[in-house]
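Computation of the quantities below employed the complete heavy-atom set of this structure, encompassing side-chain atoms and omitting hydrogens, waters and symmetry-equivalent molecules. Whatever order the structure lists them in is the order used to number ligands and atoms, beginning at 1. Quick note: residue numbers are just sequence positions, from 1.
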Amino acid sequence: MKKAGISAYKIFPASEIVFDSEVRKICEKNTCRLYGKSWACPPAVGSVDDCRELCSRYENAALFSSVYNLTDPFDYEGMVNGHRQFKKNCDSLFEMLVGKSRNFFLLSNEGCNRCESCTYPENKCRMPEKLFPSVEGFGINVVALASKVGLKYNNGENAVTYFGMLMF
Ligand code: SF4
């Protein structure tokens, strides 16, 4: 994980994942403007029950996070750069894992920005093997889950923390 740029992670039984339909309601309000924009977010990922069922096919989960420094709490550019870097970290993790096993599934932070223009909803995803759906979009309460497994959610006002999850 560290080699992929992941700052911290916790491994736990997949049955411990905290699903919360209220999180999906936040998605539906579309404040992030990513709802219905890619195959990585609702409604494309299916209902929260569908997401729960998919996760239940795996025995274990690893919630992971990376922390990026900001110049101040309103450093929007720093947040965007951190998010871009986090997506690269997830790609590095995927490349590290795929050489060892195919029996895993990655979730990442927010939607998918891999392509300049997403095929959703007209055509299938161009890179389904590298489609890492949104951990929040799956209806997972990351705040509650981080607290449950002992991972820091907030790393100070001059930092932004992004989360992903590995199912294996
Ligand atoms: S990989 Fe491309 S086509 Fe697939 S969800 Fe992401 S942006 Fe859309």
Side-chain angles (χ1 to χ4, degrees), residues 1 3-9 14 17-58 60-68 76-143 145-146 153 160-168:
M1 285 270 192
K3 273 190 196 162
I6 303 302
S7 308
Y9 66 95
I17 298 171
V18 182
F19 288 94
D20 183 348
S21 54
E22 291 302 312
V23 176
R24 176 58 64 84
K25 286 181 189 162
I26 296 170
C27 291
E28 287 165 359
K29 286 185 185 152
N30 199 20
T31 43
C32 64
R33 299 186 187 171
L34 295 173
Y35 186 84
K37 290 288 192 303
S38 79
W39 294 103
C41 284
V45 294
S47 68
V48 175
D49 280 345
D50 292 337
C51 297
R52 189 197 301 267
E53 196 280 318
L54 201 161
C55 289
S56 75
R57 296 179 201 169
Y58 297 85
N60 298 298
L63 186 67
F64 61 86
S65 65
S66 289
V67 183
Y68 306 95
Y76 180 71
E77 200 184 330
M79 292 177 205
V80 171
N81 288 339
H83 193 250
R84 198 172 294 130
Q85 184 56 49
F86 185 69
K87 292 291 191 189
K88 286 184 186 168
N89 295 151
C90 290
D91 282 351
S92 300
L93 184 58
F94 175 83
E95 296 301 339
M96 279 169 54
L97 294 167
V98 82
K100 295 178 181 155
S101 167
R102 285 270 169 183
N103 191 24
F104 71 91
F105 177 56
L106 267 177
L107 294 161
S108 183
N109 189 272
E110 296 186 0
C112 182
N113 54 4
R114 203 177 285 285
C115 306
E116 209 166 300
S117 169
C118 185
T119 56
Y120 181 84
E122 285 85 13
N123 294 300
K124 287 182 180 174
C125 173
R126 290 187 188 96
M127 287 171 261
E129 74 288 356
K130 286 191 172 183
L131 172 59
F132 312 147
S134 160
V135 65
E136 303 90 349
F138 253 47
I140 293 167
N141 186 330
V142 177
V143 181
L145 183 58
Y153 184 78
V160 63
T161 308
Y162 294 114
F163 284 85
M165 197 161 73
L166 169 67
M167 306 298 310
F168 62 104

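A salt bridge does not link Glu28 to Lys25: none of the charged nitrogens lies less than 4.0 Å from a carboxylate oxygen. At a threshold of 4.0 Å, the pair Asp49-Arg52 counts as salt-bridged, since one of the basic side-chain nitrogens sits closer than that to a carboxylate oxygen. Ion pairing between Glu110 and Arg33 fails under the 4.0 Å rule for side-chain N and carboxylate O.
The aromatic rings of Tyr68 and Tyr162 sit tilted relative to each other, their planes meeting at an angle between 30° and 60°.
For atom 8 (Fe) of ligand 1, the count of nearby protein N/O/S atoms, taking only those under 2.8 Å, is 1.
If you check the side chains of Asn89 and Ser92, you find no donor sitting under 3.5 Å from an acceptor.
Checked against ring-ring contact (aromatic ring centres under 6.0 Å, His included), Tyr58 has no partners two or more places apart in sequence or in another chain.
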